[in-house]
Amino acid sequence: MQPGYQSQPPQQVDNNMTMSIVAIFLFWPLAIPAIINASKVNPLLQQGDFAGAQAAAAESKKWSKWALIAGISWIAIVLVCCVGGSLLGAISGGNAMSY
């Protein structure tokens, strides 16, 4: 390094750990790979592997998004079925058990 020049500050990469942890509450099978990849980002940055850290962060973000989409979709389907079933029961008079 030449005198008078400052070294570059280490580059930062968002590891998406927060989104991965939120995703685990919605759809855990897809959130596990997201957490695994998110946990790889900081060690790769410390080793100086910026490209590897970016790749791990991208994988983490991809798995987190899929987990969020699957979880929110599942919740929406369950709500529609529950509300639809309740409305259908109310409309039919609620006498399903009358003999």
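Worth knowing before you read on, the calculation uses all heavy atoms, side chains too, and leaves out hydrogens, waters and symmetry mates. All residue numbers refer to positions in the sequence shown, counting from 1.
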For residues 68-76, tabulate all N or O donor-acceptor pairs below 3.5 Å that involve a side-chain atom, not counting sequence neighbours.
{"unit_1": "Ser73", "atom_1": "OG", "unit_2": "Ile69", "atom_2": "O", "d": "2.7"}

Side-chain heavy atoms under 4.5 angstrom apart, residues restricted to Ile, Leu, Val, Met, Phe, Trp, Tyr: same cluster for Trp28 and Phe25?
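Cluster IDs for Trp28 and Phe25 match.
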Quick check on the hydrophobic clustering: are Leu26 and Trp66 connected, directly or via other members, by side-chain heavy-atom contacts under 4.5 Å?
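Not linked; separate clusters.
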Main chain of Ser60, side chain of Asn16: is a donor-acceptor contact present, judged purely on distance under 3.5 Å?
no
Gap separating the CH2 atom of Trp63 from the CG atom of Leu30, nearest 0.5 angstrom
6.0 Å
Spatial distance of atom CG (Leu87) from atom OG (Ser92) [nearest 0.5 Å]:
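Separation between the atoms: 10.5 Å.
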Derivation of the side chain to side chain contact (heavy atoms under 4.5 Å, CB included) call for Ile77 and Cys81:
CA-CA 6 Å; Ile77 289 169; Cys81 290; 4.2 Å; yes
Provide the closest heavy-atom pair for Ser20 versus Ser64 in the form atom of the first, atom of the second, distance.
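Looking at all heavy atoms of both residues, the closest pair is OG-OG, 3.0 Å.
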Let me check something: any side-chain donor-acceptor pairs from residues 32-47 under 3.5 Å, sequence neighbours excluded? List them with distances.
{"unit_1": "Asn37", "atom_1": "ND2", "unit_2": "Pro33", "atom_2": "O", "d": "3.0"}
{"unit_1": "Ser39", "atom_1": "OG", "unit_2": "Ile35", "atom_2": "O", "d": "3.3"}
{"unit_1": "Ser39", "atom_1": "OG", "unit_2": "Ile36", "atom_2": "O", "d": "2.7"}

